[in-house]
Amino acid sequence: MGVQRYYEDVHEGMDLPLVTRTVGTTQMFLYSAVTRNAHRIHYDEKYAHSERLPTVLVQGPLQGAQLSAYVTDWMGTGGFLKKFAYSNRGMAFPNEPLTMKGRVLKKHWLDGRAAVDLEVWEENARAERIVPASATVLLPTRTST
């Protein structure tokens, strides 16, 4: 859990701190089990090669989950994730660093609440932007606490 973010302390164009995570094959196996994803490209390297992949792939929904956690960690426990959308555009491989980055696009009021629109993304080990995402978060104000 991170520091609580307040609407007054955020400005448009502000970069979110980057976070790097590495997904291992055990985490991939457990994620496949929990989500009932039995696609062999996530655990069978020989099969992945037969599909012309260099190795097994990190699941797209796992990458989306990591990005949404990046956003909720950034906003703090007093925030609310109002909207989140992501799209897988590239491949992520196990045991390679995946870096989450983001920036504040817009501050505004939404239904009487302080809101912030974010652009966030995940980059693979080759610094390719492989999972672009957008989020809208509601943040507490210093006057409402």
Establish, from distance only, whether the side-chain atoms of S32 and N37 form a donor-acceptor pair under 3.5 Å.
-> no
Verify whether one side chain among Q66 and Y70 offers a donor that lies under 3.5 Å from an acceptor in the other.
-> no
[X] side chain to [Y] backbone, donor-acceptor under 3.5 Å:
| X | Y | value |
| --- | --- | --- |
| Y7 | H108 | yes |
| R5 | W74 | yes |
| E8 | R142 | yes |
| Q4 | G78 | yes |

Please report the interatomic distance [atom1]([X]) to [atom2]([Y]), rounded to the nearest 0.5 Å.
| X | Y | atom1 | atom2 | result |
| --- | --- | --- | --- | --- |
| K82 | L139 | NZ | CG | 13.5 Å |
| M100 | L67 | CE | CG | 6.0 Å |
| Q27 | T25 | CD | OG1 | 10.0 Å |
| L118 | K83 | CG | NZ | 12.0 Å |
| R129 | T99 | CZ | OG1 | 12.5 Å |

When hydrophobic residues are tied together by side-chain contacts of less than 4.5 Å, even through go-betweens, does [X] share a cluster with [Y]?
| X | Y | answer |
| --- | --- | --- |
| W109 | V10 | yes |
| F93 | I41 | yes |
| F84 | L110 | no |
| I130 | V71 | yes |
| M75 | L105 | no |

Could you walk me through whether K107 and D9 pass the salt bridge (charged side-chain N to carboxylate O under 4.0 Å, His left out) test, one step at a time?
-> CA-CA 11 Å; K107 289 177 62 172; D9 301 329; over 6 Å; no
Is the shortest distance from a Lys or Arg side-chain nitrogen in [X] or [Y] to a carboxylate oxygen in the other one below 4.0 Å?
| X | Y | answer |
| --- | --- | --- |
| R103 | E119 | yes |
| R126 | E96 | yes |
| E12 | K106 | no |

Could you walk me through whether V56 and M28 pass the side chain to side chain contact (heavy atoms under 4.5 Å, CB included) test, one step at a time?
-> CA-CA 10 Å; V56 295; M28 290 170 54; 4.0 Å; yes
Partner residues of T55 under the side-chain hydrogen bond (donor to acceptor under 3.5 Å, both in side chains) criterion, sequence neighbours left out = E45
